[in-house]
Protein chains: 2
Amino acid sequence: MPEEIKAIQSRVERRDAAENRQRILVAAHKLFEQYGVDQVSMNQIAAEAQIGPGTLYRRYANKGELCLDLIKDSVVRFFEDIEQYLLQNQQEPADHRLKGILKIFMPFIEKKAQLLTGGKGSASAQRLPYQSQNPLYNKMHQIAVELFDEMTAADHPSPNSIFKADMLLIAISIDSYFYQRDVRGYSPDEILEHLCSTFI
Amino acid sequence: MPEEIKAIQSRVERRDAAENRQRILVAAHKLFEQYGVDQVSMNQIAAEAQIGPGTLYRRYANKGELCLDLIKDSVVRFFEDIEQYLLQNQQEPADHRLKGILKIFMPFIEKKAQLLTGGKGSASAQRLPYQSQNPLYNKMHQIAVELFDEMTAADHPSPNSIFKADMLLIAISIDSYFYQRDVRGYSPDEILEHLCSTFI
DNA sequence: TTGACATACGGAGACCTCTCCGCTTAATAT
DNA sequence: ATATTAAGCGGAGAGGTCTCCGTATGTCAA
């Protein structure tokens, strides 16, 4: 019996562990707010949370993971927004809907940029936009693929749509986005227009 | 007199400095070869070169710069290849030439991937493909812009071409390229085809 | 309750990046 | 030859990431 239960509920978080997790989140939030994500070290966070570095790293292998945990809720809300938008615009053509999604996406990454990239200096660092292979990337990708497929009337996972979706997402990765904004000097709207004329 | 000469020849490299530079390059090359770029630290390089860390950092602010210096010659040769290709294919349509350039470019980044990204874990790290804003990126960009302009018969620096060139280059950035190859499982040729159908 | 034990803790420490600054030395003018 | 001096050197050290492992403590079965 016990083994089965354990297997199912896959381990309960210990009380002290849960408390420490809270302390970490609070400490990180405070320090990030005050100094900016880049300027805060894992050490500082551990100190502020009054735990040892080992305890911090046991939970978050690097600052990126911690950041991701910190914005988990925003991400959930973001996808709810997307879902709602898609529902309310079902009758619009796919290209229009994709543009609409980008319009929601861009302010989001602008607002959460620091946390999304999460201090990229790290040995066990991550590849690709928004440390790709994370849920955010994959879910956005899936949505984009569906819309591209719909545009070309292809059956669902068309290789071409998969590729285009990858390209679109990398094009609005944090780095690329801020490059266009800060170096090329485009406004968010201009970026959006360019994206559409290139990819849609 | 002396001041004028100094101003003109803008400083001569001191003999000991030149020697150390050589030692660094040799040491780095050896260690990179043996352990892989990522696994070699600046400290190790300094030790192998028998110089202090300060001396190493005085010349190269980070591993990326050192890597770039290490492949400077390959980059020059690469652009000579491009130039020659463009010369020999002047009569071909612009899209064909762009594809040809990608065909030269892809093996190049495949071969030099490690050195081009140059151990990305670094505080003063770099943005964008091939630590963008470096000569390689800018020159490739310029070439792509010209070809895009030619395709659309636009006068030279058309905003649209500039954007498309940025997107194309980011699409074949190391990260993106190896993502397509290793995660999506495409062969270089397939990637090339997809790139063309998306961007050209 | 009380073991038993999986989980979690914490800090010492290995190794890293990068800076600072007093000392050294090559190049030049005299 | 010698003095001057700017360029270069090197290593101590501040502060970071991340690991390892002996110790402590929740949790659960009995």
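Sequence lines set the chain letters: A, B, ... in the order given, protein chains first and strands last, and positions in each chain run from 1.
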Worksheet, complete the sentence: Contacts of Glu190(B) meeting salt bridge (Lys or Arg N to Asp or Glu O under 4.0 Å) (sequence neighbours excluded), chain-then-number -> none
Worksheet item: Which whole-number value in Å describes the distance from Ile45(B) CD1 to dG10(D) C1'?
Response: 17 Å
Worksheet item: Roughly how many Å is it from OH in Tyr57(B) to P in dG8(D), rounded to a whole number?
Response: 19 Å
Item to complete: Kindly say if Gln44(A) contacts the phosphate of dG15(D), meaning a side-chain N or O under 4.0 Å from OP1 or OP2.
Response: no
Worksheet, complete the sentence: The complete set of ring pair (Phe, Tyr, Trp, His ring centres under 6.0 Å) pairs with one or both residues in residues 61-80 of chain B, sequence neighbours excluded, reads Phe78(B)-Phe105(B), Phe78(B)-Phe108(B)
Item to complete: Could you pick out which residue, Arg21(B) or Met42(A), lies toward the 5' side of DNA chain D when each is mapped onto its nearest nucleotide?
Response: Arg21(B)
Worksheet item: Atom CD1 of Ile24(A) to atom P of dA8(C): distance rounded to whole Å?
Response: 12 Å
Discussion item. Test of understanding: with side chain to side chain contact (heavy atoms under 4.5 Å, CB included), list the residues that count as partners of Asp16(B), not counting sequence neighbours.
Written reply: Arg14(B)
Worksheet item: To the nearest Å, how far apart are Lys63(A) NZ and dG15(D) P?
Response: 16 Å
Item to complete: Quick one: list whatever passes salt bridge (Lys or Arg N to Asp or Glu O under 4.0 Å) with Arg58(A), sequence neighbours left out.
Response: none
Item to complete: Using a heavy-atom cut-off of under 4.0 Å over every strand shown, decide if Arg15(B) touches base, sugar-phosphate, or nothing.
Response: sugar-phosphate
Response to the item:
Sequence neighbours excluded, the answer for salt bridge (Lys or Arg N to Asp or Glu O under 4.0 Å) partners of Lys30(B) is Glu48(B)
For nucleotides 10-12 of chain C, print each protein N/O atom paired with a nucleotide N/O atom at under 3.5 Å, atom names and distance only.
unit_1  : atom_1 : unit_2   : atom_2 : d
dG10(C) : OP2    : Gly52(A) : N      : 3.4
dG10(C) : OP2    : Thr55(A) : OG1    : 3.0
dG10(C) : N7     : Thr55(A) : OG1    : 3.4

Worksheet entry | Interatomic distance, Gln39(B) CD vs dA14(C) P [rounded to whole Å] | 20 Å
Worksheet item: Does Arg58(A) have a side-chain nitrogen or oxygen under 4.0 Å from the phosphate oxygens OP1 or OP2 of dC18(D)?
Response: no
Worksheet item: Hey, mind stepping through Arg59(B) and Glu13(B) against salt bridge (charged side-chain N to carboxylate O under 4.0 Å, His left out) and telling me if it holds?
Response: CA-CA 12 Å; Arg59(B) 207 171 302 275; Glu13(B) 190 177 33; 3.4 Å; yes
Fill in: Per Asp16(A) side chain, nearest of listed nucleotides dT17(D), dA26(C), dG26(D)
dG26(D)
Item to complete: Can you tell me the distance, in whole Å, between the CG atom of Asn43(A) and the C1' atom of dA14(C)?
Response: 14 Å
Item to complete: Check the hydrophobic clustering (I, L, V, M, F, W, Y; side-chain heavy atoms under 4.5 Å; chains of links allowed) and say if Leu168(A) and Ile191(B) are grouped together.
Response: yes
Practice prompt. Report the distance from atom OH of Tyr60(A) to atom P of dT17(D), rounded to the nearest whole Å.
Written response: 16 Å
Practice prompt. Report the nucleotide, chosen from dG8(D), dC18(D), dG16(D), that has the shortest atom-to-atom distance to any side-chain atom of Asn62(A).
Written response: dC18(D)
Item to complete: When you get a sec, tell me which of dA26(C), dT7(C), dT17(C) is the closest nucleotide to the side chain of Arg14(A)?
Response: dT7(C)
Worksheet entry | Nearest-Å distance for atom pair CZ/P, residues Arg59(B) and dT17(C) | 18 Å
